[in-house]
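Order of the sequence lines fixes the chain letters, A, B, ..., with proteins taken first and strands second; residue numbering starts at 1 for each chain. The shown structure was predicted, so the numbers you read here are calculated from the model rather than taken from an experiment.
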Amino acid sequence: MVDQVATLPSSREFNPWPVGIFICLLVLACLFLAPTIGVMLSSIKTTREIAEGGLWDIPTRLFLGNFVEVLANPAVHRYFLNTFLVTVPATAASIALGVLAGYVFSKLPFWGSNLLFLVLISGMFFPPQVILIPLFQFFNSLGLIDTLWPIIFIHTALGIPICTLLMRNFFATVPNSLREAAILEGANEFQVLTRVALPLSLPALAVLATLQFTWIWNDFLWPLIFTQSDEKRTIMVGIVNLKGQYSVAWGVQGALSLVASLPTLIVFLFFQRYFIKGMTMGAVKG
Amino acid sequence: MANLILRNVSKAFGTTDVIKSVNLEVSHGEFVVFVGPSGCGKSTLLRLITGLEEVTDGQIIIEDRDVTYLKPSKREVAMVFQSYALFPHLTVAENIGFGLKLSKVPKDEISARVKEVASVLRVENLLARKPRQLSGGQRQRVAIGRSIIRQPKVFLFDEPLSNLDAALRVVMRIEITRLHQNLGATMIYVTHDQTEAMTLADRIVVLNEGRIEQVGSPLKLYENPINRFVAGFIGSPAMNFIKGTIDTDDNKMIARLGPYTMEINKPNLNQGMEIEVGIRPEHIAIVSPEEGILTAEVEIIEKLGVESMLYLKTEASEELLTVRTDPKHTIGTGDRLGLKLPESELHFFDQKGDLV
Amino acid sequence: MEKSAWIWRVVFLAAPVAVFSILVLWPLFSSFFYSFTNWNGFNPNYKFVGFDNYAKIWTDRLFLNAIINTFVWMVAAILLPTLLGLGFALLIDSNVPGGKVFKSIFYLPICLSAVVVGQIWTWIYQPDWGLLNTLINFFLAEPLNYPWLAKPDTSLGSVIIAWSWQQTGLSMVIYLAGLTSISEELLEVCEIEGTSTWQKIRLVLVPLLTPATVVVIALSVINSLKGFDILYIMTGGGPFHSSDTLAMHMYNESFKKYMMGYGSAISVVLFLLALVIIGIYFRELRRLDEIYG
């Protein structure tokens with residue numbers, strides 16, 4: 001009886017979906033990459049080649065004159081130095097402050113701490129233009145216009161929301177019993193933070209460092225408002241300024257954009273995982 | 001007539017064989033329970049039947065139809081998941097009617113059939129709620145509702161009660177039995193809980209390391225396990241096992257269990273054989289220390305009300321022996337007792353673990 | 001114990017709260033203050049002008065223009081990055097080979113500066129040799145050479161597309177995170193019940209992604225309010241204010257015309273707009289939490 005039933009031997013069906021999806025993605029990816037590729041192409045072509053409509057042609061030779069021009073320009077060196085002088089301290093300071101606040105909100109909550117936390121992280125959502133004028137007035141009265149100080153301070157302050165949020169969420173995953181055990185051993189809160197909580201939160205620090213570095217490096221608004229002389233410009237304001245100097249030198253502009261993006265591109269390539277994690281965590285939990 | 005046939009069904013993930021050539025026939029309307037320790041392959045076997053996993057080798061037949069390479073939806077099976085798997089954005093009614101909506105059944109008919117199913121499962125007054133507003137037991141009823149509305153050929157349950165608390169589990173167990181009686185449908189049920197297996201099943205399939213160890217009715221498995229694994233797995237508290245050797249003394253066959261000996265009469269045992277003797281806790285008889293074959297000291301007493309469990313230290317084995325007794329006895333911790341092991345209740349297993 | 005805990009709370013919170021209060025909270029309230037003055041940015045002898053700045057808003061043709069453009073931008077922000085991000089996420093989530101590479105490609109623009117993105121896209125729209133016109137000319141007999149950014153009809157739309165190009169990667173990763181958080185068993189139910197691909201997307205995936213959608217939309221809308229750099233680079237709000245947004249208009253009034261009092265009033269409007277959006281956002285999050293947990 002059982003032997004009779006094995007009729008209709010079905011075979012594996014061919015599934016056309018993965019192939020279609022792959023081709024679809026490939027086309028989209030090419031479209032998405034086109035703008036970036038355009039800049040790369042421009043940077044290795046001469047101005048004449050571009051002006052004659054040859055930007056999108058496959059390059060026949062590697063023209064490095066644009067990069068030579070950019071890298072030999074002392075103004076570019078200054079912009080880079082200034083940007084580092086802003087980015088590194090502001091990144092470090094905002095993370096340090098976020099660690100302190102995040103620790104309290106996660107491990108030492110108190111009556112009203114949730115409200116204070118909400119106030120702090122709401123800073124993430126508001127357009128920076130809202131505080132532009134008072135800050136301009138504030139640093140003007142301190143005589144700090146056309147220095148890097150306002151930019152460092154402001155980025156430190158504007159980084160507090162995201163740093164506090166991520167650190168609080170990460171510290172929440174550190175078991176309370178670890179803190180209690182350390183305190184029973186005689187540690188104080190600062191020792192708990194530096195010896196127990198922080199070593200367990202290194203991934204969070206990596207996430208924040210990549211996020212903050214990228215944002216501050218790429219920022220345009222604050223240096224635009226607070227710097228005036230060429231000596232104090234950061235790279236993003238600088239390349240906009242240099243556009244005038246190289247007004248039709250498209251290739252130099254392309255090389256300039258690439259060089260200016262290089263640090264963040266490197267961060268993206270090596271720390272992509274942390275970057276994406278930070279972006280989604282900040283967004284979803286926020 | 002067979003409703004579901006598994007023929008030499010095998011499954012490998014990479015180089016790991018998870019299911020090793022399983023053969024099974026399930027008749028119409030039968031309630032079959034797959035039971036085994038975690039990692040034995042019982043859930044994988046269920047997923048092979050649904051089609052969520054594809055077999056590496058073998059054949060699956062449902063109602064005379066070879067479904068081995070058919071998509072899950074073409075197999076006319078329904079599955080109830082451990083986590084209920086209800087759609088959080090749909091109401092109870094929409095969850096139950098989900099499959100009908102997919103196959104474009106008219107709205108009136110869907111709502112009529114949903115009401116019918118809901119009344120069978122007594123969730124009529126919950127139809128407008130979302131899953132998050134339901135208790136665990138209610139969610140499980142809704143999940144069952146979604147599976148019965150399509151009148152599938154085979155119902156599959158993947159540990160459906162393990163997320164419920166103990167009291168609710170007993171209630172739902174009875175519900176499922178009642179449902180099975182009402183629908184008369186073929187049901188396959190996976191669990192790691194052998195009490196669930198014993199109470200629900202027409203037939204139990206004991207799985208271990210991807211193989212079927214034994215198939216049979218609950219009582220048959222309890223009384224006549226064919227190997228050491230099934231003997232140890234079925235029954236709670238578990239069967240006692242004592243290692244020993246077969247010997248002869250004055251032309252009589254004896255079993256040496258540690259320092260103790262007992263006369264036995266088993267023609268298929270040979271002298272010098274290393275064996276393991278199994279006996280269920282309720283079959284060990286307590287006598288005075290002089291009368292007993294074994295002497296034991298009471299280490300722990302668990303009073304369960306309807307019965308008491310004694311955990312006894314003997315020289316026969318490292319493990320404590322479990323004995324099930326009447327709760328009205330006056331035995332105390334530290335007492336010395338004699339034990340008798342009635343030969344008719346003994347199970348002898350050879351070194352490979354097979355019943356001799 | 002409790003007393004020492006309070007000492008630590010104060011010690012730990014002092015610096016972050018002080019910095020945040022001085023550089024974020026206090027300026028926020030100061031904006032309200034300045035919005036009632038006629039301060040020009042330099043002269044300390046400014047006067048209180050009451051609600052004059054707010055009254056001016058309703059007669060300022062450029063303000064109305066800016067607010068319409070801002071709403072256009074917000075609607076586009078809801079549609080473009082959200083739908084594209086959802087589409088990309090669904091495609092990538094289907095276990096396609098090279099999924100990780102595709103993910104990186106779509107995500108790459110987010111780590112570029114708005115300045116660089118602005119420049120890249122300025123070139124795409126370049127009338128003579130830009131990619132867009134090159135592509136269009138490919139199909140036309142006569143070269144079009146349309147100056148996309150220099151025409152009032154297309155300037156805003158062109159900038160929004162460039163901005164969406166950058167924003168889509170962010171939406172995509174949020175949707176991808178949402179997709180991975182959908183329980184495997186729910187997808188298996190779909191297989192057993194026999195959903196078609198389209199039914200699965202429409203009836204199951206998109207509804208289950210509602211929390212992610214709320215986050216994506218909120219983020220896109222909030223980022224559209226912040227959108228300034230890319231506008232500044234690509235069009236500067238022009239031509240003829242055709243791509244002015246609130247943020248751009250505020251910058252022009254404050255730092256080009258030095259009407260800081262009026263600029264503050266615009267920034268207060270911007271703030272209130274953001275406040276409403278954030279309010280809706282948090283309310284939706286709480287409502288969804290009751291359904292999706």
Side-chain angles (χ1 to χ4, degrees), chain A residues 18 21-22 24-25 29 32-36 38-39 50 53 55-56 97-98 100-101 103-104 108 110 120 122-123 125-135 138 153-154 156-158 160 164 189 214 218 220-221 225 236 239-240 253 257 260-261 264-265 268 272 275-276 279-280 283-284, chain C residues 5 8-9 12-13 15-16 19-20 23-24 27-28 30-31 34 88 91-92 94 96-97 102 104-108 111-116 119-121 123-124 128-129 131 134 165 170 173-174 177 197 215 219 222 225-226 228-229 233 247 250-251 254-255 260 263-264 267 270-271 274 278:
Chain A
I21 288 173
F22 184 78
C24 190
L25 274 172
F32 240 72
L33 271 180
T36 321
V39 174
I50 297 168
L55 172 62
W56 299 100
L97 295 181
L100 290 173
Y103 183 81
V104 175
L108 295 169
F110 51 92
L120 277 188
S122 68
F125 298 113
F126 292 106
Q129 285 80 7
V130 174
I131 53 173
L132 200 59
I133 291 170
L135 283 176
F138 176 68
F153 282 130
I154 290 168
T156 303
L158 291 178
I160 288 175
T164 304
E189 293 293 347
T214 310
N218 285 339
F220 175 71
L221 178 67
I225 301 291
M236 289 306 156
I239 61 174
V240 172
Q253 286 191 30
S257 289
S261 306
T264 51
L265 285 177
F268 175 75
Q272 192 190 145
F275 196 82
I276 291 179
M279 280 290 203
T280 45
V284 176
Chain C
W8 287 113
R9 280 178 194 132
F12 283 2
L13 281 178
V19 171
F20 189 78
L23 294 174
V24 180
L28 197 62
S30 301
S31 272
Y34 287 119
F88 291 175
L91 289 175
I92 288 176
S94 65
V96 71
F102 287 124
S104 298
I105 288 174
F106 296 132
Y107 195 67
L108 176 77
C111 78
L112 294 177
S113 154
V115 172
V116 172
Q119 187 184 2
I120 292 176
W121 280 83
W123 289 7
I124 291 200
D128 305 317
W129 45 262
L131 177 62
T134 308
W165 174 75
L170 180 58
V173 286
I174 294 170
T197 307
V215 171
L219 220 59
I222 287 165
L225 282 184
K226 292 181 183 177
F228 168 80
D229 313 14
I233 302 298
M250 181 266 165
Y251 174 82
S254 311
F255 292 91
M260 297 263 181
S264 295
S267 73
L270 202 53
F271 171 78
I278 295 161

Participant: Might you point out which heavy atoms bring C/A274 and A/F126 nearest each other, and give the distance in Å?
Facilitator: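 The answer is CB-CD2, 3.7 Å.
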Participant: Treating C/R9 as the side-chain partner and A/V104 as the backbone partner, does any N or O pair qualify as donor plus acceptor under 3.5 Å?
Facilitator: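 No; zero donor-acceptor contacts below 3.5 Å.
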Participant: Can you tell which part of C/W165 gets under 4.5 Å to a heavy atom of chain A, answering side chain, backbone, both or neither?
Facilitator: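 For C/W165, backbone and side chain are both near chain A.
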Participant: Which pair of non-hydrogen atoms, one from A/I276 and one from C/V173, has the smallest distance, and what is that distance?
Facilitator: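 Residues A/I276 and C/V173, closest heavy atoms: CG2-CG1, 3.7 Å.
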Participant: Checking C/F102 now: which residues fulfil ring-ring contact (aromatic ring centres under 6.0 Å, His included) with it, not counting sequence neighbours?
Facilitator: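 ring-ring contact (aromatic ring centres under 6.0 Å, His included) check on C/F102 returns A/F22.
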Participant: Which atom pair, heavy atoms only, marks the closest approach of A/I133 to C/G263?
Facilitator: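 That would be CD1-C, 3.8 Å.
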Participant: Considering only heavy atoms and a distance below 4.5 Å, find which of A/L120, A/V240, A/L33, A/T156 pairs most often with chain C.
Facilitator: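 The option with the most such pairs is A/L120.
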Participant: Is there a side chain to side chain contact (heavy atoms under 4.5 Å, CB included) between C/Y251 and A/I225? Walk through the geometry before answering.
Facilitator: CA-CA 10 Å; C/Y251 174 82; A/I225 301 291; 3.6 Å; yes
Participant: Identify which of C/L112, C/L225, C/I124, C/I92 forms the greatest number of heavy-atom pairs closer than 4.5 Å to chain A.
Facilitator: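 Result: the option with the highest number of such pairs is C/L112.
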Participant: Any side-chain heavy atom of C/L108 within less than 4.5 Å of one from A/L265?
Facilitator: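 Yes; the side chains approach each other to less than 4.5 Å.
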Participant: Would you mind checking which part of A/S261 comes under 4.5 Å of any heavy atom in chain C, side chain (CB onward), backbone (N, CA, C, O), both or neither?
Facilitator: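 Contact with chain C: side chain only.
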Participant: Closest approach of C/C111 and A/N218, non-hydrogen atoms and distance?
Facilitator: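 Heavy atoms of C/C111 and A/N218 come nearest at O-ND2, 3.0 Å.
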Participant: Would you say C/S113 and A/F220 make side-chain contact, with heavy atoms under 4.5 Å?
Facilitator: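 Heavy-atom side-chain distance check fails, nothing below 4.5 Å.
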Participant: Can A/Q129 and C/S267 be said to form a side chain to side chain donor-acceptor pair (under 3.5 Å), step by step?
Facilitator: CA-CA 6 Å; A/Q129 285 80 7; C/S267 73; over 6 Å; no
Participant: Please classify the contact between C/M250 and chain A as side chain, backbone, both or neither, with a heavy-atom cut-off of under 4.5 Å.
Facilitator: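 Contact with chain A: side chain only.
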Participant: Do A/L100 and C/L13 pass the side chain to side chain contact (heavy atoms under 4.5 Å, CB included) test, and can you show the C-alpha distance, the side-chain angles, and the key distance before you say yes or no?
Facilitator: CA-CA 7 Å; A/L100 290 173; C/L13 281 178; over 6 Å; no
Participant: Answer with side chain, backbone, both or neither: which region of C/F255 has an atom nearer than 4.5 Å to a non-hydrogen atom of chain A?
Facilitator: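 Contact with chain A involves the side chain of C/F255 alone.
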Participant: Under the ring-ring contact (aromatic ring centres under 6.0 Å, His included) test, which residues partner C/Y34, sequence neighbours left out?
Facilitator: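 ring-ring contact (aromatic ring centres under 6.0 Å, His included) check on C/Y34 returns C/W39.
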Participant: Non-hydrogen atoms of chain A under 4.5 Å away: do they reach the side chain of C/I233, the backbone, both or neither?
Facilitator: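 Both the backbone and the side chain of C/I233 come within 4.5 Å of chain A.
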Participant: Minimum heavy-atom separation for A/F268 to C/S104, with atom names?
Facilitator: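 For A/F268 and C/S104, the tightest heavy-atom pair comes out as CZ-O, 3.9 Å.
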Participant: Parallel, tilted or perpendicular: which one describes the rings of A/F32 and C/F106, with boundaries at 30° and 60°?
Facilitator: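 Rings of A/F32 and C/F106: perpendicular, as their planes differ by over 60°.
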Participant: Counting only non-hydrogen atoms closer than 4.5 Å, does A/L25 touch chain C with its backbone (N, CA, C, O), its side chain (CB onward), both, or neither?
Facilitator: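 Contact with chain C involves both backbone and side-chain atoms of A/L25.
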Participant: Given a strict heavy-atom distance threshold of 4.5 Å, which part of C/I278 is in contact with chain A: side chain, backbone, both, or neither?
Facilitator: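 C/I278 touches chain A through side-chain heavy atoms alone.
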Participant: Do you know which of A/I239, A/T36, A/V39 makes side chain to side chain contact (heavy atoms under 4.5 Å, CB included) with C/V116?
Facilitator: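 Of A/I239, A/T36, A/V39, side chain to side chain contact (heavy atoms under 4.5 Å, CB included) with C/V116 is met by A/I239 alone.
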Participant: Once you round to the nearest 0.5 Å, how far does CG of A/L135 lie from CG of C/L28?
Facilitator: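 Going from the CG atom of A/L135 to the CG atom of C/L28 covers 10.0 Å.
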Participant: Under 4.5 Å from any heavy atom of chain A, what part of C/L23 do you find: side chain, backbone, both or neither?
Facilitator: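 For C/L23, the contact with chain A is made by backbone and side chain together.
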Participant: Give, as side chain, backbone, both or neither, the part of A/S257 having an atom under 4.5 angstrom from any heavy atom of chain C.
Facilitator: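 Both parts, heavy atoms under 4.5 Å.
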Participant: Shortest non-hydrogen contact from C/S31 to A/V130?
Facilitator: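 Here C/S31 and A/V130 meet closest at OG-O, 2.5 Å.
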Participant: Considering only heavy atoms, which portion of A/F138 lies under 4.5 Å from any heavy atom of chain C: side chain, backbone, both, or neither?
Facilitator: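 When you check distances to chain C, only side chain atoms of A/F138 fall under 4.5 Å.
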